[in-house]
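Below is one structure, written out as structure tokens, with a few remarks after it.
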Amino acid sequence: ESGAAPNNRAAFLRSVIQFLTPGLGGLGTIALDQNEYRLPDLVTVEIADSDLSGQPGPQVQFHSGFDTNPVIITLQETPQPGLFRGFIPLIASTNPPTAGRLRAAHGNRIYARYFDASGAITVEATATVDNVPPVVTGITVVPGFDNAVISWGTDEPTETPVARQPPAGAADQMLSQ
């Protein structure tokens, strides 16, 4: 205990334990599986709250910058006690309102909210809808005898799998940048 909370060992240890075991001690946490989504997409939400272990799943309210009326889903408990998971389809704002689906547009934020009754607090997770694909530039190819090095740049961080058509009889190969 050197220093006043939250800058002491006890507070630090409490933070580490909560990070390693979300929901321990009845403090509910909420998380989305991605920071950015495309349209359409499937949003996965998890709540960790040890108070709810073995009970019916909690409800999460979703809304977006476009769809401000909440869409409510009920999560199901996973094999890990106190950890609940659920899914909601994310669809384009040009679609008609549909039960159990969240409408959004490029640039919108999506919000997932859960009220933790034991802590008397609403916890929230957010993400962004990014429906503009990255711009690919500077494509270069350096051929070799039995291979080629292909490189390129993008205007935003990306995960870029590249597939090639293998010669007849060869196995598929997957490359990535």
Side-chain angles (χ1 to χ4, degrees), residues 6 14-137 152-163 174 176-177:
R14 202 172 305 115
S15 296
V16 169
I17 290 171
Q18 185 171 2
F19 173 77
L20 294 174
T21 56
L24 183 69
L27 300 175
T29 60
I30 187 169
L32 300 175
D33 65 322
Q34 298 180 62
N35 293 324
E36 289 186 345
Y37 293 93
R38 299 230 183 254
L39 296 170
D41 214 334
L42 185 66
V43 177
T44 302
V45 61
E46 286 187 346
I47 287 180
D49 192 339
S50 61
D51 288 348
L52 302 179
S53 182
Q55 297 181 29
Q59 291 188 330
V60 175
Q61 290 185 356
F62 279 91
H63 73 276
S64 71
F66 179 83
D67 223 348
T68 57
N69 291 329
V71 178
I72 299 171
I73 65 167
T74 301
L75 308 188
Q76 301 298 313
E77 191 165 21
T78 67
Q80 182 177 343
L83 181 64
F84 299 83
R85 184 176 299 130
F87 310 93
I88 186 168
L90 184 64
I91 60 175
S93 59
T94 54
N95 288 296
T98 307
R101 296 175 185 266
L102 181 64
R103 297 181 304 154
H106 172 73
N108 281 167
R109 291 204 55 80
I110 61 171
Y111 304 86
R113 290 190 175 126
Y114 159 67
F115 180 72
D116 178 10
S118 65
I121 187 170
T122 298
V123 290
E124 178 179 85
T126 63
T128 304
V129 177
D130 180 1
N131 219 39
V132 175
V135 175
V136 178
T137 58
W152 61 91
T154 59
D155 64 340
E156 62 183 78
T158 61
E159 293 181 11
T160 315
V162 177
M174 189 66 123
S176 65
Q177 178 187 29

* Asked: Is there side-chain contact between Leu39 and His106, with at least one heavy-atom pair below 4.5 Å?
  -> no

* Asked: Ser50 side chain to Ala48 main-chain N or O, any donor-acceptor pair under 3.5 Å?
  -> no

* Asked: Using a distance-only test with no angle check, is there a side-chain donor-acceptor pair under 3.5 angstrom linking Arg85 and Thr78?
  -> no

* Does Phe66 offer a backbone N or O that forms a donor-acceptor pair with the side chain of Ser64 under 3.5 Å? -> yes

* Residue pair Thr126, Ile110: steps toward the side-chain contact (heavy atoms from CB on, under 4.5 Å) verdict -> CA-CA 6 Å; Thr126 63; Ile110 61 171; over 6 Å; no

* **Ile30/Glu46 under side-chain contact (heavy atoms from CB on, under 4.5 Å): CA gap, chis, key distance, verdict** => CA-CA 6 Å; Ile30 187 169; Glu46 286 187 346; over 6 Å; no

* Quick one: does NZ or CZ of Arg113 land under 6.0 Å from the six-membered ring centre of Tyr111, within 45 degrees of the ring axis? -> yes

* Could you state the interatomic distance from CG (Asn69) to CD (Gln61), rounded to the nearest 0.5 Å? -> 10.5 Å

* When you measure from the side chain of Glu77 to the backbone N and O of Gly82, does any donor-acceptor pair fall under 3.5 Å? -> yes

* **Interatomic spacing from OG1 in Thr68 to NE2 in His63 - rounded to 0.5 Å** => 7.5 Å

* **Expected output: side-chain Asp41 to main-chain Leu90 donor-acceptor under 3.5 Å** => no

* To do: Among Asp49, Thr29, Thr122, find the residue that satisfies the side chain to side chain donor-acceptor pair (under 3.5 Å) test when tested with Tyr114.
  => Asp49

* To do: Compare every heavy atom of Ala127 with every heavy atom of Gln34, then report the nearest pair and how far apart it is.
  => O-CB, 3.7 Å

* Asked: Hey, what do you get for CD (Glu124) to CD1 (Ile121), rounding to the nearest 0.5 Å?
  -> 11.0 Å

* How far apart are the closest heavy atoms of Pro58 and Ile47, and which atoms are they? -> CG-CD1, 4.1 Å

* Specify the closest pair of heavy atoms between Leu42 and Pro89, including all atoms of both residues, with the distance to one decimal. => CD1-N, 3.8 Å

* Structure fact -> Val129 and Ala104 have their tightest heavy-atom pair at CG2-CB, 3.8 Å

* So how far is it from Gln55 CD to Phe84 CZ, rounded to the nearest 0.5 Å? -> 7.0 Å

* Do Asn95 and Ser93 get their side chains close enough for a donor-acceptor pair, meaning under 3.5 Å? -> no

* Measure the CD-OG1 distance between Gln59 and Thr74 for me, rounded to the nearest 0.5 Å. => 4.0 Å

* Taking the side chain as every heavy atom from C-beta outward, state whether Leu75 and Val60 have any pair of such atoms under 4.5 Å apart. => yes

* To do: Show the numbers, then the answer: is there a side-chain contact (heavy atoms from CB on, under 4.5 Å) between Asp130 and Arg38?
  => CA-CA 6 Å; Asp130 180 1; Arg38 299 230 183 254; 3.9 Å; yes

* To do: Find out whether Leu32 and Phe62 are in side-chain contact, i.e. whether some heavy atom of one side chain is under 4.5 Å from a heavy atom of the other.
  => yes

* **Side-chain donor-acceptor contact under 3.5 Å, Asn131 with Tyr37** => no

* Asked: Does any non-hydrogen side-chain atom of Val71 lie less than 4.5 Å from one of Arg101?
  -> no

